[in-house]
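Take a look at the structure below.
In what follows, every heavy atom counts, from backbone to side chain, and hydrogens, waters and symmetry copies are set aside. All residue numbers refer to positions in the sequence shown, counting from 1.
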Amino acid sequence: MKKEFPYKLYDLIPSQETMYLMFKYTFSKQISQIPTSFSVDIDLDFELMTKALNIELERNDSLRLRFIKQDKKIRQYFLPSLKMSKVPCKYFRSVEEQEAFFAKDAQTPVRFDKGINYRIYFYKTANAGNGIYFNVSHLNMDAIGAMVFYLDLIGVYKALAKGEELPAPLYSYEEYIQKELKNVEEKKKWDKHEKWYRDYFAKGGEPFYAAVHGPEFLEKARIKKKNPNLRVPAAYNPLLDKCNMVTGHIGTEDAAKIFSFCKENSIAPESLFMFGLRTHCSALNYRTDDVFMMATCSKRAGIKEKRMSGCLVQPIQVRTIIPEQATFAEGLNEYTSVRTQLYRHMDYPYITARDLSREMYNYNLIQGPACMMFSWIPVPLDLDSFGVKFDFRTYDLGRYFTPLYTICSTDPKDKGINLNYMYRVKLSEKQQIEKLHENAVKVVLAGIENPDITVKELLDMCESNLK
């Protein structure tokens with residue numbers, strides 16, 4: 001007689017299915033994990049921090065989420081309780097030693113399929129503060145979920161250290177999963193989403209692959225396929241997914257201009273940056289007006305979701321067709337409009353939408369028009385309420401499925417902005433990614449200085465910088 005499993009089992013929700021798909025179809029299993037660190041300028045008592053972490057394990061149910069393969073299908077369950085008697089502690093002699101250790105761990109797979117859902121280290125570095133390193137499976141958490149974890153853990157630690165009440169409890173990820181699975185069952189609601197996506201993908205005809213590495217790869221594919229009109233080459237080869245990372249930074253003064261512009265015009269910073277990136281890609285690829293990108297979208301619009309960890313993120317497929325005669329303001333509004341429309345259809349799973357576009361244009365498994373993935377992480381600029389200053393870092397996975405993964409986040413050290421560009425080395429060179437960063441920032445700053453500047457003028461500026 002088959003023994004009954006002791007915990008309630010759930011299917012994966014759409015956001016998790018996307019992360020599992022990435023894991024399933026790669027030979028290097030680290031592309032579906034999130035390695036980050038969170039350092040503070042106070043001396044941490046690691047014994048008290050371990051106590052705080054054990055309280056966090058009860059408060060944050062995504063830390064107790066585990067996975068099992070049943071009848072060839074990945075399912076999930078929540079442990080009712082979990083304790084860590086000891087957390088590994090690292091004492092680094094230098095920042096360089098610290099970074100080398102975390103860089104290596106970031107590229108070591110977190111095998112959720114083998115019961116390893118995350119790795120946590122507490123650490124101290126000579127003259128550089130204390131912190132927490134956390135490398136977690138993307139099926140357990142997204143990047144904002146990891147930030148929720150850090151902030152709540154520090155809040156619990158502070159409460160224990162000062163003998164105060166614990167912060168308000170987090171909301172349940174398990175309840176969110178139950179809600180999402182009910183939405184998936186109501187597939188009749190998907191009909192309107194499918195119709196919208198069909199119209200969206202059909203508008204303007206077949207999309208164009210406006211590569212961050214230029215058109216050479218496409219031109220070679222056209223020759224190989226004997227098709228001079230080929231618009232989307234097979235650039236997603238999982239055998240060639242090795243990545244390096246280029247880091248870019250926007251300083252305090254320019255960042256302040258950007259945030260002020262966004263606030264005054266009700267523009268999301270991610271729209272602004274993606275418009276800058278798309279302008280460079282256009283300039284690099286025959287000045288095409290058709291640029292296709294993917295962006296991660298966290299379904300955290302409500303109060304509950306903002307106070308919840310777990311994986312709530314799905315990619316959205318942002319295709320914009322913006323003519324050269326349009327102004328910066330008009331182009332940015334078009335970009336914002338497209339993203340807003342996509343948000344309204346977030347209940348339609350990314351995998352289903354992706355398969356729809358593949359069916360419409362007869363793409364094979366490694367074809368796709370998106371030139372990059374983009375993520376925005378709104379890191380708090382200060383933790384005055386906690387009485388500490390802090391730093392937040394993300395790390396290179398070493399592998400990724402898209403040609404480029406751009407991670408953009410606020411920088412609490414100088415209230416600037418960090419941009420990490422994880423690029424496929426088989427497709428791009430370091431200098432190309434550096435030019436992408438330079439031009440994207442130039443476009444953003446030129447546009448907020450003069451919203452009436454035309455896309456043509458911005459493309460001219462980008463082309464001039466490429467010579």
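- Side-chain contact, R399 with T26: no donor N or O sits under 3.5 Å from an acceptor N or O.
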Can I250 and V444 be said to form a side chain to side chain contact (heavy atoms under 4.5 Å, CB included), step by step?
CA-CA 11 Å; I250 299 173; V444 167; over 6 Å; no
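- Nearest approach of P233 to L230, heavy atoms of both residues: CA-CD2, 4.4 Å.
- With respect to the salt-bridge test (charged N to carboxylate O, under 4.0 angstrom), the residues K24 and E17 do not qualify.
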Walk me through it: do D289 and S282 pass the test side chain to side chain contact (heavy atoms under 4.5 Å, CB included)?
CA-CA 7 Å; D289 60 1; S282 172; over 6 Å; no
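- Of the possible polar contacts, none joining the Y200 side chain to the V338 backbone as a donor-acceptor pair under 3.5 Å is found.
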Taking it one step at a time, do N60 and M141 satisfy side chain to side chain contact (heavy atoms under 4.5 Å, CB included)?
CA-CA 11 Å; N60 187 342; M141 289 184 198; 4.1 Å; yes
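- K426 contributes no side-chain N or O that, together with a main-chain N or O of K242, makes up a donor-acceptor pair within less than 3.5 Å.
- Salt-bridge annotation for R198 and E194: present, with a side-chain N of the basic residue lying under 4.0 Å from a carboxylate O of the acidic one.
- The local environment of CD1 in I303 is sparse, with at most 12 non-hydrogen atoms from other residues, nucleotides or ligands closer than 6.0 Å.
- The number of heavy-atom neighbours closer than 6.0 Å to CD of Q178, taken from other residues, nucleotides and ligands shown, is above 12.
- Within the 4.5 Å cutoff, the side chain of Y361 has heavy atoms near those of the P207 side chain.
- Listed by chain and residue number, Y363 satisfy the side-chain hydrogen bond (donor to acceptor under 3.5 Å, both in side chains) test with E206 (two or more places apart in sequence, or in another chain).
- In summary, R287 and E463 engage in a salt bridge, as defined by a charged side-chain N under 4.0 Å from a carboxylate O.
- With respect to the salt-bridge test (charged N to carboxylate O, under 4.0 angstrom), the residues D199 and K195 qualify.
- Atom OH of Y25 is surrounded by 12 or fewer heavy atoms from other residues, nucleotides or ligands within 6.0 Å.
- N465 and E438 get closest at one heavy-atom pair: ND2-OE1, 3.1 Å.
- Comment: D113 does not engage K29 in a salt bridge, judged by the lack of any side-chain N to carboxylate O separation of less than 4.0 angstrom.
- In the displayed structure, K389 atom NZ is contacted under 6.0 Å by at most 12 heavy atoms of other residues, nucleotides or ligands.
- For the residue pair T352 and Y197, no side-chain donor N or O sits within less than 3.5 Å of a side-chain acceptor on the partner.
- In this structure, D290 does not pair ionically with K203, as no charged nitrogen and carboxylate oxygen lie closer than 4.0 Å.
- Remark: side-chain polar atoms of R119 are paired, donor with acceptor, to backbone N or O of T108 under 3.5 angstrom.
- With F149 as the fixed residue, the ring pair (Phe, Tyr, Trp, His ring centres under 6.0 Å) test singles out one of F134, Y173, F38: F134.
- The CG atom of L284 sits 9.5 Å away from the SG atom of C462 when rounded to the nearest 0.5 Å.
- Remark: R393 qualifies as a cation-pi partner of Y395 under the 6.0 Å distance and 45° angle criteria applied to the six-membered ring.
- Note that CG of L21 and CZ of R354 are 5.5 Å apart. Values are rounded to the nearest 0.5 Å.
- The pair R64-D61 does not count as a salt bridge, with every side-chain nitrogen at least 4.0 angstrom from each carboxylate oxygen.
- The aromatic rings of Y405 and Y400 sit parallel, their planes meeting at an angle under 30°, below the 60° perpendicular limit.
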Could you walk me through whether I13 and L181 pass side chain to side chain contact (heavy atoms under 4.5 Å, CB included), step by step?
CA-CA 6 Å; I13 60 175; L181 290 174; 4.0 Å; yes
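- Evaluated for a side chain to side chain contact (heavy atoms under 4.5 Å, CB included) with S375, the options T296, V313, T406, I34 yield exactly one hit, T296.
- Less than 6.0 angstrom separates the ring centroid of F328 from the ring centroid of F275.
- The aromatic ring centroids of F101 and Y133 lie 6.0 Å or more from each other.
- Checked by atom type and distance alone, the side chain of D414 pairs as donor or acceptor with a backbone atom of G416 at under 3.5 Å.
- Of the possible donor and acceptor atoms, one in the side chain of S15 sits under 3.5 Å from a partner among the backbone N and O of C311.
- Put simply, the side chain of I223 does not reach to within 4.5 Å of the side chain of E219, judged on heavy atoms.
- Taken to the nearest 0.5 Å, the OG atom of S62 stands 8.5 Å off from the OH atom of Y118.
- With a 4.5 Å cut-off on side-chain heavy atoms, F217 and L427 count as touching.
- Contact annotation: the side chain of N418 approaches that of H249 to within less than 4.5 Å [non-hydrogen atoms, C-beta and beyond].
- More than 12 heavy atoms of other residues, nucleotides or ligands shown are found within 6.0 angstrom of CD on Q431.
- Each of Q33, Q16, M19 was evaluated against H138; a single residue qualifies, M19, per the side chain to side chain contact (heavy atoms under 4.5 Å, CB included) test.
- R339 and Y335 are not linked by any side-chain donor-acceptor pair at a separation below 3.5 angstrom, with hydrogens and angles left out of the test.
- Counting only heavy atoms from C-beta outward, the side chains of V246 and L436 never approach each other to under 4.5 Å.
- The main-chain N or O of Y77 is never found under 3.5 Å from a side-chain atom of R66 such that the two would form a donor-acceptor pair.
- Note on ring orientation: taking the six-membered ring where Trp is involved, the planes of F292 and F201 are parallel (angle under 30°, cut-offs 30° and 60°).
- Separation of atoms OG1 (T288) and CD1 (I321) is listed at 8.5 Å; rounding is to 0.5 Å.
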Please test F23 against F112 for ring pair (Phe, Tyr, Trp, His ring centres under 6.0 Å), starting from the C-alpha separation and ending with a verdict.
CA-CA 10 Å; F23 180 88; F112 67 88; 4.6 Å; yes
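- Of the charged side-chain nitrogens involved, none lies within less than 4.0 Å of a carboxylate oxygen, so that K182 and E185 do not count as a salt-bridged pair.
- Residues T454 and E324 have side chains not in contact (no heavy-atom distance under 4.5 Å, counting atoms from C-beta outward).
- Side chain of N140 to backbone of L65: a donor-acceptor contact under 3.5 angstrom is found.
- When atom types are taken as modelled, the side chain of K306 and the backbone of R300 share a donor-acceptor pair closer than 3.5 angstrom.
- For the pair Q317 and S357, the tightest heavy-atom approach, listed with the atom from each and the gap, is OE1-OG, 4.2 Å.
- Looking only at distances, a side-chain donor or acceptor of R424 sits under 3.5 Å from a matching main-chain atom of F401.
- With T410 contributing its side chain and P378 its backbone, the two residues share no donor-acceptor pair below 3.5 Å.
- V318 is not listed as a side-chain neighbour of F374, based on a closest heavy-atom distance of 4.5 Å or more.
- Taking 4.5 Å as the limit, every side-chain heavy atom of V148 sits out of range of all side-chain heavy atoms of M308.
- Counting only N and O atoms by type, the side chains of Y10 and E174 include a donor and acceptor under 3.5 Å apart.
- To the nearest 0.5 Å, atoms CE (M294) and CE (M373) are separated by 4.0 Å.
- Taking both residues in full, the closest heavy atoms of P403 and A370 are given as CD-O, 4.1 Å, listed atom of the first, atom of the second, then distance.
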